[in-house]
Amino acid sequence: MSSRHPYRSDVSDARWALMEPVFTAWRAARTGPGVGARVHDLREIVNAILYVNRTGIPWEYLPHDFPPYKTVYDYYAKWEADGTTQQVHDLLRERTRRSQGRRPGASAAVLDAQSVKTSSNVAEADQGIDAAKRIKGRKRHLVTDTLGLLLAVIVTAASIQDSEGGRQALDQVAAQHPGVVKVWVDGGYNTTTINHGARLGIDVEVTKRTAPTGFQPPPKRWVIERTFGWLMQHRRLARDYEALPQRSRTMVLWAMTNKMSRALTGEATQTWRTPPQETGRLT
């Protein structure tokens, strides 16, 4: 571990122990010119990625005590392309499910979408307008299990209808999680989504709010609303800053990796408030 002053987003020894085998195996399997000079500590690369994910800063603004930002982004892109990020995420999801007394694979899920504004990094062709939310940007189509853990994510222009994005997300679920046989959605998903799910062997059910006025957690689907809340704790996701949709998807995976690793090790959600013991006041 680096001797630098730690940041709140750094992984603890316990959290790193959960991820390290995957990254160590990745480095050991690399071959070709240049791989012998292993200069950078992989834990520091992960810490740098989580720093960007949590604080929302541009890559170029990484503090100088991290590895160079171009190097960090290169690892970020490599791990996205070869599936390493997905592998770490899925490993932690299975462990989180086991810790909650669940089987590793889910059988029921929830589907919903979230529209977010984009930055100037995103090409005009990759954006769109969500007329219902009055947002110009991108849309994240998420499928979670009944614990709110991520099973699938599709990133599209915000102009893509929920039903169209939902069909793509269902395809991903059917391919990667064949045990899922039930998916709950809201009224924004039409009959084509239900029929598409049936062709995949998935029962898609629309759940409606029971109260005509006032706030009430939607039955079955409230877990995915909480997942959206988890994502918003990571400022890089408050707006879509990624130039490429696949990099945007990867940033979601890192946010969930951060959340699950903290839950598995019993660490509280990070806060920017000063702990009481550091204020000099009696509590």
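For the residue pair G128 and A157, the shortest heavy atom distance occurs at N-CB, 3.9 Å.
Checked against L150 for a side-chain contact (heavy atoms from CB on, under 4.5 Å), the options L231, L142, V143, D145 give a single hit: L142. Screening R102, K220, K182 for a side chain to side chain donor-acceptor pair (under 3.5 Å) with T146, the sole residue that qualifies is R102. H234 pairs with exactly one of V252, N258, T55 by the side-chain contact (heavy atoms from CB on, under 4.5 Å) rule, that one being N258.
Atom CG of L264 and atom NZ of K259 lie 9.0 Å apart (nearest 0.5 Å). Separating the CG atom in D82 from the OG1 atom in T85 is a distance of 7.5 Å, to the nearest 0.5 Å. We find the CZ-CZ distance between R15 and R262 to be 4.0 Å, quoted to the nearest 0.5 Å. Rounding to the nearest 0.5 Å gives a distance of 10.5 Å between OG of S99 and CG of L92. Here OG of S261 is found 11.5 Å from CZ of R95. Values are rounded to the nearest 0.5 Å. Here S248 contributes atom OG and D240 contributes atom CG; the two are 3.5 Å apart, rounded to the nearest 0.5 Å.
Not one N or O on the side chain of R249 forms a donor-acceptor pair closer than 3.5 Å with the backbone of V155. When atom types are taken as modelled, the side chain of T193 and the backbone of Y189 share no donor-acceptor pair closer than 3.5 angstrom. Here the side chain of N53 pairs a donor or acceptor atom with the backbone of M251 at under 3.5 angstrom. Within the 3.5 Å criterion, the main-chain N or O of Y241 finds a donor-acceptor partner in the side chain of N121. Of the possible polar contacts, one joining the T227 side chain to the V223 backbone as a donor-acceptor pair under 3.5 Å is found. No side-chain donor-acceptor contact under 3.5 Å links Q127 to the backbone of K136. Counting only distance, with no hydrogens or angles, the side chain of H177 and the backbone of L151 share a donor-acceptor pair below 3.5 Å. The main-chain N or O of V11 is found under 3.5 Å from a side-chain atom of N47 such that the two form a donor-acceptor pair. T24 places no side-chain N or O within 3.5 Å of a backbone atom of P21 that could act as its donor or acceptor partner. A donor-acceptor pair is defined here as one N or O able to donate and one able to accept, closer than 3.5 Å; no such pair exists between the side chain of R140 and the backbone of V153.
When side chains are defined from C-beta on, L62 counts as touching V52, because their heavy atoms get closer than 4.5 Å. Taking the side chain as every heavy atom from C-beta outward, I194 and V206 approach each other to under 4.5 Å. When side chains are defined from C-beta on, R138 counts as touching P245, because their heavy atoms get closer than 4.5 Å. At a threshold of 4.5 Å between non-hydrogen side-chain atoms, the residues H196 and R199 count as touching. Between L50 and W254, the closest side-chain pair of non-hydrogen atoms falls below 4.5 Å. Within the 4.5 Å cutoff, no side-chain heavy atoms of V185 are placed close to those of E205. Contact annotation: the side chain of W79 approaches that of V46 to within less than 4.5 Å [non-hydrogen atoms, C-beta and beyond]. Residues H89 and M256 have side chains in contact (heavy-atom distance under 4.5 Å, counting atoms from C-beta outward).
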Discussion item. I'd like to know whether I57 forms a side-chain contact (heavy atoms from CB on, under 4.5 Å) with Y69, so could you lay out the CA-CA distance, the side-chain angles of the two residues, the decisive distance to 0.1 Å, and finally the verdict.
Written reply: CA-CA 11 Å; I57 64 166; Y69 80 89; over 6 Å; no

Practice prompt. Could you give me the CA-CA distance, side-chain angles and deciding distance for R247 and E80, then say whether salt bridge (Lys or Arg N to Asp or Glu O under 4.0 Å) is met?
Written response: CA-CA 7 Å; R247 302 285 148 77; E80 175 267 312; 2.8 Å; yes

Practice prompt. Could you give me the CA-CA distance, side-chain angles and deciding distance for Q114 and M232, then say whether side-chain contact (heavy atoms from CB on, under 4.5 Å) is met?
Written response: CA-CA 11 Å; Q114 177 192 49; M232 290 300 99; 3.6 Å; yes

Item to complete: Tell me, with the steps shown, if R43 and D41 meet side-chain contact (heavy atoms from CB on, under 4.5 Å).
Response: CA-CA 5 Å; R43 180 170 176 175; D41 181 0; 3.6 Å; yes

Worksheet item: Can V116 and R239 be said to form a side-chain contact (heavy atoms from CB on, under 4.5 Å), step by step?
Response: CA-CA 6 Å; V116 291; R239 182 184 289 262; 5.9 Å; no

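A salt bridge does not link D74 to K70: none of the charged nitrogens lies less than 4.0 Å from a carboxylate oxygen.
Every residue meeting the side-chain contact (heavy atoms from CB on, under 4.5 Å) condition with D90, not counting sequence neighbours, appears here in chain and number order: Q86, R93. For T257, there are no side-chain hydrogen bond (donor to acceptor under 3.5 Å, both in side chains) partners two or more places apart in sequence or in a different chain. Take A132 and apply the side-chain contact (heavy atoms from CB on, under 4.5 Å) test, not counting sequence neighbours, and it matches D130. When the side-chain contact (heavy atoms from CB on, under 4.5 Å) test is applied to Y7, the partners found at least two apart in sequence or on another chain are R4, S9, D10, Y51, P63, D65, F66.
Ring-plane geometry between Y75 and H40 is classed as perpendicular, the angle between the planes exceeding 60 degrees on a 0 to 90 degree scale with a lower cut at 30.
Checked against the 6.0 Å centroid criterion, the rings of W59 and Y73 qualify as a close aromatic pair.
Screening residues 104-136 for ring pair (Phe, Tyr, Trp, His ring centres under 6.0 Å) gives no qualifying pairs among residues at least two apart or on separate chains. Residue pairs meeting the salt bridge (charged side-chain N to carboxylate O under 4.0 Å, His left out) criterion with at least one partner in residues 162-178, sequence neighbours excluded, are K139-D162.
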